[in-house]
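Reviewing the structure listed below.
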Amino acid sequence: MNKHIAGMCHIALWAFLFLSPLTYWRGMGFNGVHYLMTCMQPLFLMIVFYLNYLVLAPKFFVEGKHRYDLLINVVLITVLGVTLHYWMQYTNEMFNLHHMRRTYDLLGTISYIVRDSLNLAVFAAGATALALARKWVTTDQKLKDTEAARAQAELKNLRNQINPHFLLNTLNNIYALTAISAERAQEAIMELSKMLRHMLYEYQEPTVPLKEEVDFIRNYVNLMKLRMPAGVDVSFEVNCLSCDLRISPMLIISLVENAFKHGISPTEPSFVHIQVFIDKANRVVTFDIRNSNFPKTEEDRSGHGIGLQQVERRLQLIYPGKHIWEKGVTDDGKTYYSRITIDTK
(Lines give C-alpha, C1' and ligand atoms only; values in the text may rest on other atoms or scores of the structure.)
Protein backbone atom coordinates (compact mmCIF):
# COMPACT_ATOMS: atom_id res chain seq x y z
CA MET A 1 0.00 0.00 0.00
CA ASN A 2 1.17 3.52 -0.71
CA LYS A 3 2.72 5.08 2.41
CA HIS A 4 0.59 8.22 2.10
CA ILE A 5 -2.63 6.21 1.89
CA ALA A 6 -1.59 4.08 4.86
CA GLY A 7 -0.81 7.22 6.85
CA MET A 8 -4.21 8.69 6.03
CA CYS A 9 -5.92 5.47 7.15
CA HIS A 10 -4.10 5.62 10.50
CA ILE A 11 -5.07 9.25 11.00
CA ALA A 12 -8.72 8.57 10.10
CA LEU A 13 -8.94 5.61 12.51
CA TRP A 14 -7.54 7.47 15.50
CA ALA A 15 -9.46 10.64 14.73
CA PHE A 16 -12.67 8.59 14.82
CA LEU A 17 -11.73 6.88 18.10
CA PHE A 18 -10.63 10.08 19.84
CA LEU A 19 -13.72 11.97 18.69
CA SER A 20 -16.13 9.17 19.62
CA PRO A 21 -16.26 10.18 23.36
CA LEU A 22 -17.96 13.40 22.24
CA THR A 23 -21.15 11.36 21.86
CA TYR A 24 -21.35 11.26 25.70
CA TRP A 25 -22.35 14.90 25.76
CA ARG A 26 -25.30 14.77 23.42
CA GLY A 27 -27.92 17.01 25.01
CA MET A 28 -25.53 18.08 27.78
CA GLY A 29 -22.91 20.77 28.11
CA PHE A 30 -19.40 19.89 26.92
CA ASN A 31 -16.75 19.46 29.61
CA GLY A 32 -13.16 19.65 28.33
CA VAL A 33 -11.56 18.00 31.37
CA HIS A 34 -14.04 15.15 31.31
CA TYR A 35 -13.42 14.68 27.58
CA LEU A 36 -9.65 14.47 28.07
CA MET A 37 -10.06 11.94 30.89
CA THR A 38 -12.41 9.87 28.75
CA CYS A 39 -9.81 9.84 25.95
CA MET A 40 -7.78 7.47 28.12
CA GLN A 41 -9.64 4.58 26.46
CA PRO A 42 -8.57 5.34 22.82
CA LEU A 43 -5.15 6.33 24.17
CA PHE A 44 -4.66 2.85 25.66
CA LEU A 45 -5.83 1.32 22.39
CA MET A 46 -3.25 3.41 20.56
CA ILE A 47 -0.49 2.37 22.97
CA VAL A 48 -1.28 -1.32 22.52
CA PHE A 49 -1.61 -0.99 18.76
CA TYR A 50 1.67 0.80 18.06
CA LEU A 51 3.63 -1.08 20.71
CA ASN A 52 2.70 -4.27 18.85
CA TYR A 53 2.96 -2.83 15.36
CA LEU A 54 6.35 -1.17 15.81
CA VAL A 55 8.07 -3.18 18.55
CA LEU A 56 6.62 -6.46 19.76
CA ALA A 57 5.46 -8.00 16.47
CA PRO A 58 8.65 -7.17 14.48
CA LYS A 59 10.97 -8.14 17.33
CA PHE A 60 9.23 -11.28 18.62
CA PHE A 61 6.29 -12.54 16.56
CA VAL A 62 7.85 -12.08 13.12
CA GLU A 63 11.08 -13.67 14.36
CA GLY A 64 9.19 -16.74 15.55
CA LYS A 65 9.34 -15.91 19.29
CA HIS A 66 5.58 -16.27 19.68
CA ARG A 67 5.64 -17.18 23.38
CA TYR A 68 7.46 -14.00 24.35
CA ASP A 69 5.09 -11.91 22.27
CA LEU A 70 2.04 -13.61 23.81
CA LEU A 71 3.36 -13.31 27.38
CA ILE A 72 4.17 -9.61 27.06
CA ASN A 73 0.79 -8.91 25.50
CA VAL A 74 -1.11 -10.81 28.21
CA VAL A 75 0.65 -8.82 30.93
CA LEU A 76 0.30 -5.54 29.05
CA ILE A 77 -3.39 -5.99 28.19
CA THR A 78 -4.25 -7.18 31.71
CA VAL A 79 -2.54 -4.22 33.36
CA LEU A 80 -4.07 -1.71 30.95
CA GLY A 81 -7.50 -3.37 31.15
CA VAL A 82 -7.55 -3.13 34.95
CA THR A 83 -6.15 0.40 34.90
CA LEU A 84 -8.71 1.52 32.33
CA HIS A 85 -11.62 0.11 34.35
CA TYR A 86 -10.66 1.92 37.52
CA TRP A 87 -9.76 5.08 35.61
CA MET A 88 -13.18 5.25 33.95
CA GLN A 89 -14.83 4.44 37.29
CA TYR A 90 -12.90 7.29 38.93
CA THR A 91 -13.81 9.64 36.05
CA ASN A 92 -17.54 8.89 36.36
CA GLU A 93 -17.47 9.38 40.13
CA MET A 94 -15.47 12.59 39.79
CA PHE A 95 -18.09 14.12 37.52
CA ASN A 96 -20.99 12.46 39.38
CA LEU A 97 -22.25 10.65 36.27
CA HIS A 98 -24.57 8.13 37.94
CA HIS A 99 -26.02 6.91 34.62
CA MET A 100 -22.53 5.98 33.38
CA ARG A 101 -21.18 4.64 36.69
CA ARG A 102 -19.88 1.13 36.46
CA THR A 103 -20.98 -1.63 38.84
CA TYR A 104 -18.69 -2.00 41.79
CA ASP A 105 -19.39 -5.64 42.69
CA LEU A 106 -16.81 -8.31 41.81
CA LEU A 107 -18.73 -9.82 38.93
CA GLY A 108 -19.41 -6.43 37.38
CA THR A 109 -15.79 -5.36 37.81
CA ILE A 110 -14.50 -8.56 36.16
CA SER A 111 -16.94 -8.24 33.25
CA TYR A 112 -15.84 -4.65 32.57
CA ILE A 113 -12.16 -5.57 32.81
CA VAL A 114 -12.66 -8.53 30.44
CA ARG A 115 -14.55 -6.32 27.98
CA ASP A 116 -11.83 -3.64 27.99
CA SER A 117 -9.10 -6.28 27.75
CA LEU A 118 -10.80 -7.88 24.77
CA ASN A 119 -10.93 -4.51 23.01
CA LEU A 120 -7.22 -4.08 23.65
CA ALA A 121 -6.52 -7.66 22.48
CA VAL A 122 -8.36 -7.02 19.21
CA PHE A 123 -6.14 -4.01 18.51
CA ALA A 124 -3.04 -6.00 19.49
CA ALA A 125 -4.02 -8.79 17.07
CA GLY A 126 -4.79 -6.31 14.32
CA ALA A 127 -1.44 -4.60 14.80
CA THR A 128 0.37 -7.96 14.67
CA ALA A 129 -1.45 -8.90 11.46
CA LEU A 130 -0.50 -5.57 9.86
CA ALA A 131 3.12 -6.00 10.97
CA LEU A 132 3.19 -9.46 9.40
CA ALA A 133 1.69 -8.09 6.19
CA ARG A 134 4.25 -5.28 6.13
CA LYS A 135 7.07 -7.77 6.68
CA TRP A 136 5.73 -9.99 3.89
CA VAL A 137 5.46 -7.05 1.47
CA THR A 138 8.96 -5.84 2.37
CA THR A 139 10.45 -9.32 1.98
CA ASP A 140 8.63 -9.86 -1.29
CA GLN A 141 9.89 -6.52 -2.63
CA LYS A 142 13.46 -7.37 -1.59
CA LEU A 143 13.18 -10.70 -3.40
CA LYS A 144 11.88 -8.94 -6.49
CA ASP A 145 14.69 -6.38 -6.34
CA THR A 146 17.26 -9.14 -5.90
CA GLU A 147 15.79 -11.13 -8.78
CA ALA A 148 15.69 -8.03 -10.98
CA ALA A 149 19.32 -7.24 -10.18
CA ARG A 150 20.31 -10.86 -10.89
CA ALA A 151 18.38 -10.82 -14.16
CA GLN A 152 20.00 -7.55 -15.21
CA ALA A 153 23.45 -8.94 -14.41
CA GLU A 154 22.68 -12.11 -16.38
CA LEU A 155 21.29 -10.07 -19.27
CA LYS A 156 24.38 -7.86 -19.32
CA ASN A 157 26.56 -10.97 -19.35
CA LEU A 158 24.57 -12.46 -22.23
CA ARG A 159 24.80 -9.24 -24.22
CA ASN A 160 28.54 -9.05 -23.59
CA GLN A 161 28.92 -12.62 -24.89
CA ILE A 162 27.33 -11.64 -28.20
CA ASN A 163 30.12 -9.20 -29.09
CA PRO A 164 33.04 -11.65 -29.28
CA HIS A 165 30.82 -14.35 -30.80
CA PHE A 166 29.57 -11.99 -33.49
CA LEU A 167 33.00 -10.47 -34.20
CA LEU A 168 34.60 -13.90 -34.42
CA ASN A 169 32.13 -15.06 -37.08
CA THR A 170 32.34 -11.79 -39.00
CA LEU A 171 36.13 -11.69 -39.01
CA ASN A 172 36.21 -15.30 -40.20
CA ASN A 173 33.99 -14.28 -43.11
CA ILE A 174 36.22 -11.32 -43.99
CA TYR A 175 39.30 -13.53 -43.74
CA ALA A 176 37.72 -15.93 -46.24
CA LEU A 177 36.99 -12.99 -48.57
CA THR A 178 40.64 -11.89 -48.65
CA ALA A 179 41.50 -15.10 -50.45
CA ILE A 180 38.78 -14.48 -53.04
CA SER A 181 38.72 -10.73 -53.70
CA ALA A 182 40.58 -7.91 -51.98
CA GLU A 183 37.95 -5.44 -53.23
CA ARG A 184 35.10 -7.40 -51.72
CA ALA A 185 37.08 -7.77 -48.50
CA GLN A 186 37.36 -3.96 -48.35
CA GLU A 187 33.61 -3.65 -48.83
CA ALA A 188 33.12 -6.16 -46.04
CA ILE A 189 35.30 -4.11 -43.71
CA MET A 190 33.19 -1.02 -44.50
CA GLU A 191 29.99 -2.91 -43.64
CA LEU A 192 31.64 -4.19 -40.47
CA SER A 193 32.60 -0.64 -39.46
CA LYS A 194 28.93 0.41 -39.73
CA MET A 195 27.92 -2.47 -37.49
CA LEU A 196 30.67 -1.72 -34.97
CA ARG A 197 29.44 1.87 -34.79
CA HIS A 198 26.00 0.54 -33.90
CA MET A 199 27.45 -1.79 -31.29
CA LEU A 200 29.60 0.95 -29.78
CA TYR A 201 26.92 3.60 -29.38
CA GLU A 202 23.36 2.23 -29.68
CA TYR A 203 24.07 -1.21 -28.21
CA GLN A 204 24.71 0.27 -24.75
CA GLU A 205 21.06 1.31 -24.39
CA PRO A 206 18.38 -1.13 -23.12
CA THR A 207 16.34 -0.52 -26.28
CA VAL A 208 17.01 1.08 -29.66
CA PRO A 209 14.70 2.33 -32.41
CA LEU A 210 13.53 -0.58 -34.51
CA LYS A 211 14.76 1.19 -37.68
CA GLU A 212 18.33 1.19 -36.36
CA GLU A 213 18.14 -2.48 -35.49
CA VAL A 214 16.79 -3.29 -38.94
CA ASP A 215 19.60 -1.26 -40.52
CA PHE A 216 22.10 -3.24 -38.45
CA ILE A 217 20.65 -6.53 -39.70
CA ARG A 218 20.61 -5.22 -43.27
CA ASN A 219 24.31 -4.29 -43.02
CA TYR A 220 25.08 -7.79 -41.80
CA VAL A 221 23.09 -9.33 -44.66
CA ASN A 222 24.96 -7.14 -47.14
CA LEU A 223 28.23 -8.28 -45.57
CA MET A 224 27.25 -11.94 -45.95
CA LYS A 225 26.21 -11.43 -49.57
CA LEU A 226 29.78 -10.45 -50.45
CA ARG A 227 31.02 -13.98 -49.83
CA MET A 228 27.95 -15.88 -51.03
CA PRO A 229 28.07 -17.80 -54.34
CA ALA A 230 26.00 -16.29 -57.11
CA GLY A 231 23.39 -19.06 -56.89
CA VAL A 232 22.39 -18.32 -53.28
CA ASP A 233 19.02 -16.61 -52.96
CA VAL A 234 19.28 -13.98 -50.22
CA SER A 235 16.40 -11.61 -49.47
CA PHE A 236 15.66 -9.11 -46.73
CA GLU A 237 12.22 -7.49 -46.56
CA VAL A 238 10.61 -5.04 -44.16
CA ASN A 239 6.94 -4.15 -44.52
CA CYS A 240 7.12 -0.78 -42.71
CA LEU A 241 9.63 1.40 -40.91
CA SER A 242 7.56 4.53 -40.33
CA CYS A 243 6.92 3.77 -36.68
CA ASP A 244 8.39 4.60 -33.28
CA LEU A 245 8.80 1.07 -31.98
CA ARG A 246 11.84 0.28 -29.86
CA ILE A 247 13.43 -3.10 -29.29
CA SER A 248 16.31 -4.67 -27.41
CA PRO A 249 19.45 -4.38 -29.57
CA MET A 250 21.08 -7.32 -31.37
CA LEU A 251 18.31 -9.64 -30.24
CA ILE A 252 18.04 -11.77 -33.39
CA ILE A 253 21.50 -11.32 -34.91
CA SER A 254 22.44 -14.82 -33.71
CA LEU A 255 19.50 -16.25 -35.67
CA VAL A 256 20.61 -14.42 -38.81
CA GLU A 257 24.15 -15.68 -38.29
CA ASN A 258 22.91 -19.24 -37.95
CA ALA A 259 20.82 -18.89 -41.10
CA PHE A 260 23.93 -18.06 -43.14
CA LYS A 261 26.19 -20.46 -41.27
CA HIS A 262 23.97 -23.54 -41.47
CA GLY A 263 21.69 -22.74 -44.42
CA ILE A 264 24.23 -22.37 -47.23
CA SER A 265 25.66 -25.25 -49.21
CA PRO A 266 28.60 -24.79 -51.62
CA THR A 267 27.18 -27.45 -53.95
CA GLU A 268 23.38 -27.26 -53.70
CA PRO A 269 20.83 -24.47 -54.28
CA SER A 270 20.47 -22.48 -51.07
CA PHE A 271 18.49 -19.58 -49.76
CA VAL A 272 18.17 -17.25 -46.78
CA HIS A 273 14.95 -15.25 -46.54
CA ILE A 274 14.50 -12.68 -43.78
CA GLN A 275 11.28 -10.75 -43.28
CA VAL A 276 10.31 -8.17 -40.66
CA PHE A 277 6.59 -7.58 -40.14
CA ILE A 278 5.51 -4.56 -38.11
CA ASP A 279 2.02 -4.12 -36.68
CA LYS A 280 2.00 -0.45 -35.76
CA ALA A 281 -1.51 -0.51 -34.27
CA ASN A 282 -0.68 -3.22 -31.72
CA ARG A 283 3.03 -2.34 -31.47
CA VAL A 284 4.03 -5.88 -32.37
CA VAL A 285 7.04 -6.85 -34.47
CA THR A 286 7.66 -10.25 -36.05
CA PHE A 287 11.01 -11.53 -37.33
CA ASP A 288 10.66 -14.42 -39.77
CA ILE A 289 13.90 -16.13 -40.84
CA ARG A 290 13.93 -19.09 -43.24
CA ASN A 291 16.87 -20.88 -44.76
CA SER A 292 17.80 -24.07 -46.58
CA ASN A 293 18.00 -27.01 -44.25
CA PHE A 294 21.33 -28.81 -44.46
CA PRO A 295 21.71 -30.89 -41.28
CA LYS A 296 25.25 -30.80 -39.93
CA THR A 297 27.31 -33.79 -38.95
CA GLU A 298 28.55 -34.17 -35.39
CA GLU A 299 32.04 -33.05 -36.50
CA ASP A 300 30.55 -29.85 -37.94
CA ARG A 301 28.47 -28.82 -34.94
CA SER A 302 31.14 -26.95 -32.97
CA GLY A 303 29.43 -24.22 -30.95
CA HIS A 304 26.08 -25.16 -32.46
CA GLY A 305 23.14 -23.98 -30.33
CA ILE A 306 24.99 -21.51 -28.12
CA GLY A 307 23.57 -18.51 -29.97
CA LEU A 308 20.05 -19.95 -29.85
CA GLN A 309 20.31 -20.50 -26.10
CA GLN A 310 21.39 -16.90 -25.62
CA VAL A 311 18.48 -15.62 -27.72
CA GLU A 312 16.01 -17.73 -25.77
CA ARG A 313 17.34 -16.56 -22.40
CA ARG A 314 17.35 -12.91 -23.45
CA LEU A 315 13.75 -13.20 -24.62
CA GLN A 316 12.79 -14.70 -21.25
CA LEU A 317 14.50 -11.88 -19.37
CA ILE A 318 13.45 -8.92 -21.53
CA TYR A 319 10.04 -9.96 -22.83
CA PRO A 320 8.61 -12.46 -20.32
CA GLY A 321 5.13 -13.46 -21.42
CA LYS A 322 5.30 -11.01 -24.33
CA HIS A 323 6.97 -13.09 -27.02
CA ILE A 324 6.29 -16.19 -29.12
CA TRP A 325 9.13 -18.13 -30.71
CA GLU A 326 8.31 -20.79 -33.28
CA LYS A 327 11.18 -22.75 -34.80
CA GLY A 328 11.72 -26.02 -36.55
CA VAL A 329 11.88 -27.75 -39.91
CA THR A 330 9.05 -27.78 -42.45
CA ASP A 331 7.30 -31.07 -43.25
CA ASP A 332 9.30 -31.60 -46.44
CA GLY A 333 12.53 -31.23 -44.45
CA LYS A 334 13.95 -28.64 -46.86
CA THR A 335 13.46 -25.44 -44.86
CA TYR A 336 14.43 -24.44 -41.36
CA TYR A 337 12.33 -21.59 -39.97
CA SER A 338 12.56 -19.35 -36.93
CA ARG A 339 9.75 -16.89 -36.26
CA ILE A 340 9.79 -14.55 -33.25
CA THR A 341 6.83 -12.30 -32.45
CA ILE A 342 7.43 -9.61 -29.81
CA ASP A 343 4.93 -7.35 -28.11
CA THR A 344 6.92 -4.15 -27.56
CA LYS A 345 4.28 -2.42 -25.43
Does any donor atom in the side chain of Thr341 or Thr286 lie under 3.5 Å from an acceptor atom in the other side chain?
yes
Do Arg314 and Tyr319 form a cation-pi contact, if we require the NZ or CZ to be under 6.0 Å from the six-membered ring centre and within 45 degrees of the ring's axis?
no
Exceeds 12 heavy-atom contacts within 6.0 angstrom, atom CD1 of Ile324:
no
Between Ser248 and Ile318, what is the shortest heavy-atom contact and its length?
OG-CD1, 3.2 Å
Under a 4.5 Å side-chain heavy-atom rule over Ile, Leu, Val, Met, Phe, Trp and Tyr, are Phe123 and Leu54 clustered together?
yes
Should Phe294 and Phe271 be counted in the same cluster of Ile, Leu, Val, Met, Phe, Trp and Tyr side chains packed under 4.5 Å apart?
no
Would you find a donor on one side and an acceptor on the other, under 3.5 Å apart, between the side chain of Glu213 and the backbone of Met250?
yes
Cluster question for you: counting only ILVMFWY and a side-chain heavy-atom cut-off of under 4.5 Å, with indirect links fine, are Tyr337 and Val238 together?
no
Test side chain to side chain contact (heavy atoms under 4.5 Å, CB included) applied to Thr83 and Phe44, step by step
CA-CA 10 Å; Thr83 303; Phe44 277 14; 4.0 Å; yes
Shortest non-hydrogen separation from Asn282 to Asp343 and the atoms involved
O-OD1, 4.0 Å
Tell me which one of Val284, Thr207, Leu245 satisfies side chain to side chain contact (heavy atoms under 4.5 Å, CB included) with Thr344.
Leu245
Begin with the C-alpha distance, continue with both residues' side-chain angles, and end with the deciding distance and a verdict on side chain to side chain contact (heavy atoms under 4.5 Å, CB included) for Lys334 and Asn293.
CA-CA 5 Å; Lys334 296 181 179 180; Asn293 182 40; 5.7 Å; no
Salt bridge (charged side-chain N to carboxylate O under 4.0 Å, His left out) evaluation trace for Arg283 with Asp279:
CA-CA 6 Å; Arg283 306 188 68 78; Asp279 182 350; over 6 Å; no
Of all heavy-atom pairs between Asn239 and Ile278, which one has the smallest distance, and what is that distance?
OD1-N, 2.8 Å
Report, as yes or no, whether the 6.0 Å neighbourhood of atom NZ on Lys135 holds more than 12 heavy atoms from other residues, nucleotides or ligands.
no
Looking just at side-chain N and O atoms, do His273 and Asp233 make a donor-acceptor pair shorter than 3.5 Å?
yes
Which heavy atom of Leu315 sits nearest to which heavy atom of Ile340, and what is that distance?
CD1-CD1, 4.0 Å
Starting at CD1 of Ile47, measure out to CG of Leu43 and round the result to the nearest 0.5 Å.
4.5 Å
Could you label the plane-to-plane angle of the Tyr90 and Trp87 rings as parallel, tilted or perpendicular, counting under 30° as parallel and over 60° as perpendicular?
tilted
Counting N and O atoms only, with roles assigned by atom type, does the side chain of Ser270 sit under 3.5 Å from a partner on the main chain of Glu268, one being a donor and the other an acceptor?
yes
Is there a donor-acceptor pair under 3.5 Å between the side chain of Asp288 and the backbone N or O of Gln275?
no
Give the C-alpha distance, both sets of side-chain angles, the deciding distance and a yes or no for side chain to side chain contact (heavy atoms under 4.5 Å, CB included) between Leu17 and Met46.
CA-CA 9 Å; Leu17 291 175; Met46 178 181 280; over 6 Å; no
Just so I know, are the side chains of Ile252 and Ile217 near enough to count as touching, which here means a heavy-atom distance under 4.5 Å?
yes
Looking only at non-hydrogen atoms, find the nearest pair between Val329 and Gly333 and report the distance.
CG1-CA, 3.5 Å
So, do Arg134 and Tyr53 sit near enough that their side-chain heavy atoms are less than 4.5 Å apart?
yes
Parallel under 30°, tilted from 30 to 60°, perpendicular over 60°: which one fits the rings of Phe49 and Trp14?
perpendicular
Count I, L, V, M, F, W, Y as connected when their side-chain heavy atoms are under 4.5 Å apart, and connections chain through other members. Are Val55 and Leu70 then in the same cluster?
no
Is it the case that more than 12 heavy atoms not belonging to Asp332 sit under 6.0 Å from its CG atom?
yes
CD1 of Ile289 to CZ of Phe260: how many Å apart, nearest 0.5 Å?
9.5 Å
CG/Asn291 to OG/Ser265 distance, rounded to the nearest 0.5 angstrom?
12.0 Å
Nearest 0.5 angstrom please: Met88 CE to Gln41 CD, how far?
6.0 Å
Does Val214 share a hydrophobic cluster with Phe277, counting links as ILVMFWY side-chain heavy atoms below 4.5 Å and allowing steps through other members?
no
List the atom pairs, donor and acceptor, that lie under 3.5 Å between side-chain atoms in residues 57-68 and the rest of the protein, sequence neighbours left out.
from, atom 1, to, atom 2, distance (Å)
His66, NE2, Phe61, O, 3.3

Check whether Ser117 reaches the backbone of Val114 with its side chain - one donor and one acceptor, N or O, closer than 3.5 Å.
no
Test side chain to side chain contact (heavy atoms under 4.5 Å, CB included) on Ile253 and Phe216 and set out the steps.
CA-CA 9 Å; Ile253 190 63; Phe216 177 79; 3.8 Å; yes
How long is the straight-line distance from CD1 of Ile113 back to CG of Leu118, given to the nearest 0.5 Å?
12.0 Å
If you round to the nearest 0.5 Å, how far is CG of Leu51 from CG of Leu56?
4.5 Å
Considering all heavy atoms, the nearest Pro206-Pro249 contact:
O-CD, 3.3 Å
For the residue pair Tyr336 and His262, establish whether any side-chain heavy-atom pair is separated by less than 4.5 Å.
no
Decide, yes or no, whether a salt bridge links Asp244 with Arg246 under the criterion of side-chain N to carboxylate O below 4.0 Å.
no
Short side-chain to backbone donor-acceptor contact, Asn52 and Ala127, under 3.5 Å
no
